[in-house]
Amino acid sequence: MLEAYETQHLLKLTVQIESLAAYDDNLLVGTKQGHLLMYSVTPRSGELKRDMQLLRYNKLFSKKPIQQLEVVPEHNILIRLSDNIISVHDMAIINFPIITTIQKTKGATLFTMDVKKQESLTGGLAVTVRICVAVKRKLQLYYWKNADFHEFRSDLTVADVPRALDWCNETLVIGLKNDYWLIELSEAAKPKELFPTGKSLEPIITKLTDNTFAVAKETQSVFMNYLGEPTVTYAIKWADTPIGLAYDDPYLLALLPNGVQVQTFEPVMNVQTLPVKGCTVIRRCKQGVVYVASVDHVWCLQSVPREKQIHVLLERKQFQLALKLTNSSENSEEDKKKNVHQIQTLYAFDLFRKKQFHDSMKEFMKLNTDPYDVIRLFPTLLPQQARGDAVSVDSGLEKLENKDLESGLLALIEYLTAVRVQMKTRSAESSSDQKLLQIIDTTLLKCYLQTNDAFVAPLLRRNHCHLEETERTLKKHQKYNELVILYQTKGIHNKALEILQKQSDVADGGLRGPDWTIQYLQGLGKEHINLIIQFSGWVLDKHPEEGLKIFTEDMPEVEQLPRPRILDYLLRTQKSLVIPYLEHVIHVWKDTNPLFHNVLIHQYREKVLELCRDGATQVQLQQGNNLRTKLLNFLEKSDHYIPETVHVHFPYDSMYEERAIILERLGKHEQALSIYVIIMNDIERAVAYCDRVHTKGSTDVFVPLIRLLVDPPTASGWLGGLSAGPDKMSRPNVDKALEILERKADKIPPLAVLERLPDNIPLSKIKHFLAASLQNQLNNRRRTQMLKGLLYAEHLQVQEMRMHYESKSVLMTDMNICPVCKKRFGNQSAFVRYPNGDILHYSCRFVKD
């Protein structure tokens with residue numbers, strides 16, 4: 001057991017001791033005969049013993065037994081309960097004269113005090129004193145001011161006469177005969193029952209801190225806060241039912257029939273039993289000094305020096321109690337902080353040695369221990385080159401294996417994660433922080449590989465792991481997926497892509513197939529175009545359709561790739577993918593670059609000629625026809641190819657329809673119409689062509705069509721090199737020409753057409769055309785005349801409005817002021833008049849507008 005206190009017998013009296021009070025080095029003894037004795041109890045130099053000296057002795061202090069004494073040294077007052085009434089005495093005068101008596105407290109059996117010290121606005125120390133007095137079933141509440149106690153609220157009523165009473169925060173803790181209660185000091189407060197007192201003869205309440213207290217229940221002590229909630233989940237047991245309790249941080253002293261038992265409750269420890277028998281009163285004076293008294297004897301329980309106790313506790317590895325003693329010692333804050341840190345460190349390592357890993361890590365976290373020192377507790381996690389040079393923090397640590405190792409690693413993960421979060425909350429990171437993050441993340445990776453490798457990938461994306469060490473570790477565990485992530489976050493893309501290429505053929509690997517490489521390349525961006533082209537080759541060779549997604553996926557990184565470079569690459573190495581690539585670029589991404597439109601047309605043309613060659617299969621012909629439909633639609637709808645460029649590449653002996661569309665773009669309508677009429681013998685397509693061109697503004701496009709029908713060219717005519725065949729030449733179709741004249745009379749200029757018609761055509765056959773043309777001319781003339789009239793009428797209205805406004809005048813004098821700048825108009829001022837009559841400087845009109 002620990003020697004926490006030494007016992008010294010102080011005095012033996014011939015009168016019966018009833019109560020004690022103590023402060024600083026003073027002890028006051030109240031007797032059953034009403035005597036009051038005041039002693040000086042001073043420590044001897046270099047010893048634990050104390051010297052006693054009687055300072056005052058007042059035999060006439062009270063006519064009745066002194067039931068209770070309390071001292072407030074800051075106000076120099078002594079409060080007594082005697083003859084069942086509260087009196088206040090002056091401590092400054094030798095015979096303790098009465099200052100005041102609270103007459104309302106007559107019949108009192110018990111009181112408790114609440115003394116609070118705080119700095120005042122002037123910088124001094126303000127001490128407030130409140131007391132609660134139990135008078136039968138009433139609780140009376142007073143505060144001290146101007147040398148008297150004043151009530152500060154109405155009385156409280158409880159179920160029975162209080163036998164124990166203490167003040168905790170703004171709550172009164174009350175012990176009745178059979179149970180304990182709490183009452184908050186608010187107007188709407190209601191008593192709260194805690195629990196029964198059990199078989200205890202008397203309830204006992206001991207205040208621990210401003211917010212916590214302990215109560216006795218038979219042979220146990222229970223710890224609670226002012227809300228009635230347990231502060232710890234256990235109770236401490238005594239050797240017998242306590243007569244009284246005192247708290248001398250961190251020790252709880254119980255006055256038992258056969259002595260004083262000393263225990264701690266955090267941690268729970270039976271510290272010491274002092275052989276002081278027959279005592280009925282226990283009173284704490286100050287830190288390390290407790291007085292106990294029997295009927296006629298007084299003893300002092302003097303604390304053994306804290307340094308000695310701490311030394312013994314550290315030898316016994318009882319670190320928690322050593323920490324409590326250090327925190328409550330009277331050393332300077334700097335020394336206290338240093339000692340606490342040292343003890344906590346020893347405590348943390350001891351917890352680790354006992355395999356209480358999570359508790360150990362919590363202590364390391366509180367201490368802000370260098371994470372590298374914590375990692376060194378796990379030698380296998382250190383870099384290979386550091387293991388031989390590593391000095392163990394504690395040579396007594398055994399090697400962890402199996403479940404112990406797993407538990408330790410899980411605790412380390414929790415610790416390192418917390419440290420990492422703490423570091424990331426800093427506003428800026430130094431180079432040392434970066435290095436520490438590197439160590440932490442590399443260690444976490446090793447821990448995850450041994451506990452839960454699902455966390456490895458998210459960790460690697462943080463980009464703080466040490467490259468070489470992590471690379472070596474991942475290769476050892478064959479974690480190729482994670483290795484790719486490592487290279488990716490470090491920007492070493494070529495190594496990542498090499499692994500993906502090698503692993504794509506591994507049957508049981510997690511990176512099998514091209515998808516991993518495709519996704520990787522898609523995310524690189526235009527600055528890595530060389531790398532994308534380099535590693536897309538094997539994907540396009542083995543999986544062309546999937547591989548094309550490298551260049552066509554709808555992602556910002558893919559869309560921003562240099563398209564001419566990609567097109568050049570595909571034309572050289574993957575010509576079959578050029579058409580689908582260009583179709584995506586033009587139709588999905590809406591690219592208007594003429595280069596892509598021209599190349600797509602050339603690719604369509606080459607593919608159609610290849611598929612529709614002589615001897616082609618039915619399937620090839622079908623594919624060619626489908627592709628030709630795409631080509632025709634594209635030639636008609638695209639506005640971004642260059643017709644002069646694409647025209648020269650089309651053959652003269654085939655693909656006439658495509659050439660006709662291009663000729664239309666070039667404005668060579670006669671050649672286009674000759675293809676429809678002579679080569680394709682599709683006059684209705686030619687008429688539709690003329691309608692389309694006429695709508696675009698060409699008014700004489702029907703003239704060459706009529707000419708081709710009436711006077712077709714010879715085989716050596718002006719077809720521009722097109723091969724039509726002799727059977728399709730020199731066959732006039734006057735009837736069709738006349739039919740078109742009749743249908744499209746409103747779109748054909750009559751004079752230009754009449755010059756082309758043969759002289760032998762009867763007038764009756766062109767009668768309708770001429771009538772329609774004449775009517776059209778008359779309509780145009782009437783429309784023109786009407787428009788002219790309307791324009792003239794509008795002109796007259798404008799002139800009338802002009803004359804109206806010009807007729808108005810404005811009188812400007814020296815009194816006129818601009819409403820914007822508030823200045824007068826000078827002789828040379830330019831001004832503006834608004835319709836509402838406002839006149840402004842010309843330069844001020846913008847401000848108003």
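Sequence positions, counted from 1, serve as the residue numbers for this chain.
Looking at Tyr180 and Ile174, their side chains never come closer than 4.5 Å, going by heavy atoms from C-beta outward. By the 4.5 Å heavy-atom criterion applied to side chains, Arg80 and Ser62 are counted as neighbours. Between Asp114 and Ile131, every side-chain heavy-atom pair lies at or beyond the 4.5 Å cut-off. Between Val127 and Val115 there is a side-chain heavy-atom pair separated by less than 4.5 Å. For the pair Trp299/Ser294, a side-chain contact is recorded, criterion being any heavy-atom separation below 4.5 Å from C-beta on. In this structure the side chain of Asp90 never reaches within 4.5 angstrom of the side chain of Ile77, judged on heavy atoms. Put simply, the side chain of Val271 reaches to within 4.5 Å of the side chain of Tyr251, judged on heavy atoms. Annotation: side chain of Asp249 is in contact with side chain of Gln287 (closest heavy-atom distance under 4.5 Å).
His150 and Tyr142 are not linked by any side-chain donor-acceptor pair at a separation below 3.5 angstrom, with hydrogens and angles left out of the test. No hydrogens or angles considered: a donor-acceptor pair under 3.5 Å links the side chains of Glu315 and His311. Side-chain polar atoms of Asn211 and Asn225 form no donor-acceptor pair below 3.5 angstrom. For the residue pair Tyr226/Asp210, the side-chain donor-acceptor check at 3.5 Å is not satisfied. Checked by atom type, the side-chain pair Lys138/Thr157 shows a donor-acceptor distance below 3.5 Å. Thr128 and Gln118 form no side-chain donor-acceptor contact under 3.5 Å, judged by distance and modelled atom types alone. With 3.5 Å as the limit, one finds a donor-acceptor pair spanning the side chains of Arg50 and Gln302.
The salt bridge (charged side-chain N to carboxylate O under 4.0 Å, His left out) check on Lys117 picks up Glu74, with sequence neighbours excluded. Evaluation of the ring pair (Phe, Tyr, Trp, His ring centres under 6.0 Å) rule for Phe213 yields no partner, not counting sequence neighbours. Looking at residues two or more places apart in sequence or on another chain, you find no ring pair (Phe, Tyr, Trp, His ring centres under 6.0 Å) involving Phe152.
A side-chain donor-acceptor contact under 3.5 Å links Gln33 to the backbone of Gln16. With hydrogens and angles ignored, the 3.5 Å screen pairs no side-chain donor or acceptor of Asn169 with any backbone N or O of Thr171. Although no hydrogens or angles enter the test, the distance criterion places no donor-acceptor pair under 3.5 Å between the side chain of Ser40 and the main chain of Asn26. A donor-acceptor contact shorter than 3.5 Å is absent between the side chain of Arg283 and the backbone of Ser19. A distance-only check finds no donor-acceptor pair linking the side chain of Thr105 to the backbone of Ala108 [under 3.5 Å]. At distances below 3.5 Å, not a single donor-acceptor pair connects side-chain atoms of Arg44 with backbone N or O atoms of Lys49. With hydrogens and angles ignored, the 3.5 Å screen pairs a side-chain donor or acceptor of Lys192 with a backbone N or O of Leu227. No donor-acceptor distance shorter than 3.5 angstrom exists from the side chain of Thr212 to the backbone of Leu208, with no hydrogens or angles considered. A distance-only check finds a donor-acceptor pair linking the side chain of His9 to the backbone of Leu11 [under 3.5 Å]. Between the side chain of Ser360 and the backbone N or O of Leu351, no donor-acceptor pair lies under 3.5 Å.
Nearest heavy-atom pair, Ile66 versus Glu18, reported as atom, atom and distance to 0.1 Å: O-CG, 3.1 Å. Summarising the geometry of Val29 relative to Leu69, their closest heavy-atom pair is C-CD1, 4.3 Å, with the distance given to 0.1 Å. Closest heavy-atom contact between Ile205 and Gly175: CD1-N, 3.6 Å. Scanning all heavy atoms of the two residues, the minimum distance from Lys136 to Pro162 falls at O-CD, 3.2 Å. Leu2 and Gln272 get closest at one heavy-atom pair: O-CB, 3.5 Å. When all heavy atoms of Met361 and Val374 are compared, the closest pair comes out as SD-CG1, 3.7 Å.
Separation of atoms CG (Leu255) and OG1 (Thr280) is listed at 7.5 Å; rounding is to 0.5 Å. To the nearest 0.5 Å, atoms CG (Leu185) and SG (Cys132) are separated by 7.5 Å. Taken from CG in Leu253 to OH in Tyr5, the straight-line distance is 4.5 Å, to the nearest 0.5 Å. If you take CG on Asn339 and CG on Leu323, they are separated by 10.0 Å, rounding to the nearest 0.5 Å. Between Ser303 atom OG and Lys286 atom NZ the span is 12.0 Å, to the nearest 0.5 Å. Interatomic distance, Asp166 CG to Ile204 CD1, rounded to the nearest 0.5 Å: 12.5 Å.
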Begin with the C-alpha distance, continue with both residues' side-chain angles, and end with the deciding distance and a verdict on side chain to side chain contact (heavy atoms under 4.5 Å, CB included) for Val129 and Glu70.
CA-CA 11 Å; Val129 180; Glu70 293 291 348; over 6 Å; no
Step by step, would you call Phe61 with His35 a ring pair (Phe, Tyr, Trp, His ring centres under 6.0 Å)?
CA-CA 6 Å; Phe61 187 72; His35 300 177; over 10 Å; no
Checking Met38 against Leu28 for the side chain to side chain contact (heavy atoms under 4.5 Å, CB included) test, could you report, in this order, the C-alpha distance in whole Å, the side-chain angles of both residues, the deciding distance, and whether it holds?
CA-CA 4 Å; Met38 182 174 179; Leu28 290 92; 4.2 Å; yes
Please lay out, stage by stage, how Val158 and Ile183 fare under the test side chain to side chain contact (heavy atoms under 4.5 Å, CB included).
CA-CA 9 Å; Val158 293; Ile183 298 182; 3.7 Å; yes
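Applying the side chain to side chain donor-acceptor pair (under 3.5 Å) definition to pairs two or more places apart or across chains, those involving residues 252-267 are Gln261-Asn270.
Ion pairing of Glu151 with Lys104 is present here, as a side-chain N (NZ or NE/NH1/NH2) and a carboxylate O approach within less than 4.0 Å. The pair Asp335-Lys337 does not meet the salt-bridge criterion, since no charged nitrogen lies less than 4.0 angstrom from a carboxylate oxygen. Salt bridge Lys199/Glu218: absent, no basic N to carboxylate O contact under 4.0 Å. Salt-bridge formation is not detected for the pair Asp83/Lys63: no Lys NZ or Arg NE/NH1/NH2 atom is positioned less than 4.0 Å from an Asp or Glu carboxylate oxygen.
Shown here is Lys190, whose NZ atom has no more than 12 heavy atoms of other residues, nucleotides or ligands within 6.0 Å. Crowding of Lys362 atom NZ: a count of heavy atoms from other residues, nucleotides or ligands under 6.0 Å not exceeding 12.
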For residues 230-246, which side-chain donor-acceptor pairs fall under 3.5 Å, sequence neighbours excluded?
from, atom 1, to, atom 2, distance (Å)
Thr231, OG1, Phe223, O, 3.4
Tyr234, OH, Phe265, O, 2.3
Trp238, NE1, Ser221, OG, 2.9

Going by atom type alone, with no hydrogens or angles, which donor-acceptor pairs under 3.5 Å involve a side-chain atom of residues 92-100 and a protein atom two or more places apart or on another chain?
from, atom 1, to, atom 2, distance (Å)
Thr100, OG1, Asp148, OD1, 3.1

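The aromatic rings of Phe319 and Tyr347 sit tilted relative to each other, their planes meeting at an angle between 30° and 60°.
Within the cation-pi definition used here (under 6.0 Å to the ring centroid, within 45° of the axis), Arg284 does not qualify as a partner of Tyr247.
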